[in-house]
Amino acid sequence: MPYDPTRHGPRRIVGPGFHERVFALVRAVPTGSVTTYGDIATALGRKGVARQVGYAMAALPEGSDVPWWRVVAAGGRLSVAPVTRREQAVRLAAEGHRLGDDRVLDFAARRHAFVPC
DNA sequence: CGGCTGACGACCT
DNA sequence: GAGGTCGCCAGCC
């Protein structure tokens with residue numbers, strides 16, 4: 001069943017652990033840049049956990065300080081649930097991104113490079 | 001403690 | 001391009 005905020009209950013409180021590390025990385029993405037689930041997974045040291053990164057994003061509470069809209073799918077695609085995707089497109093456009101066909105154009109140039117601490 | 005639930009990605013037909 | 005398969009795992013009930 002696809003993610004549906006109207007049916008999947010209240011937002012959950014963010015706890016310590018994996019989710020928190022994901023959120024910390026997303027907070028490090030500056031305005032005007034984007035990153036991907038896979039890049040975050042790689043930055044965490046495990047290439048294969050892009051899916052888990054997505055799950056972490058789904059658990060974000062509303063009103064958090066995490067710029068979730070800067071996280072796109074591989075290749076710059078917008079792949080979240082339709083309602084959220086519209087919101088994401090609006091926010092990305094507001095940060096100067098050009099969008100087309102559910103994609104971030106110039107994705108390669110706007111992709112954030114995570115630096116090791 | 002077991003079961004369930006998910007914003008993915010690479011690769012294959 | 002459109003499907004399907006498989007690997008991946010934390011957090012909540």
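All heavy atoms count here, side chains included; hydrogens, waters and symmetry mates do not.
- In this structure, A/L25 atom CG and B/dC8 atom P are separated by 18 Å, rounded to whole Å.
- Residues A/L44 and A/Y55 fall into different hydrophobic clusters, defined by Ile, Leu, Val, Met, Phe, Trp and Tyr side chains chained together at heavy-atom separations under 4.5 Å.
- Salt bridge present: A/R91 and A/E87 bring a charged side-chain N and a carboxylate O closer than 4.0 Å.
- Side-chain polar atoms of A/R85 and A/S79 form no donor-acceptor pair below 3.5 angstrom.
- To the nearest angstrom, P of B/dA10 lies 14 Å from OH of A/Y37.
- Protein atom CG of A/D102 is 13 Å distant from nucleotide atom P of C/dG1, rounded to whole Å.
- Atom CE in A/M57 sits about 12 Å away from atom P in B/dG9, given to the nearest Å.
- A/V72 and A/V90 are not part of a single hydrophobic cluster, where members link through side-chain heavy atoms under 4.5 Å apart.
- A/W69 and A/L105 are assigned to two separate hydrophobic clusters, defined by single-linkage of ILVMFWY side chains at heavy-atom distances under 4.5 Å.
- Residue A/R21 contributes atom CZ, which lies 12 Å from atom P of C/dC9 at whole-angstrom precision.
- Rounded to a whole Å, the CZ atom of A/F23 is 11 Å from the C1' atom of C/dA10.
- Distance, A/L78 CG to B/dC8 P: 12 Å, rounded to whole Å.
- For A/R27, the CZ atom counts as densely surrounded, since its 6.0 Å shell holds more than 12 non-hydrogen atoms of other residues, nucleotides or ligands.
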Identify all pairs in which a protein N or O lies below 3.5 Å from an N or O of nucleotides 6-8 of chain C, and state each distance.
from	atom 1	to	atom 2	distance (Å)
C/dG7	O6	A/R51	NH1	2.6
C/dC8	O2	A/Q52	NE2	3.4
C/dC8	N3	A/R51	NH1	3.4

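- Per the geometry, CG belonging to A/L60 stands 13 Å off P belonging to C/dG11, to the nearest Å.
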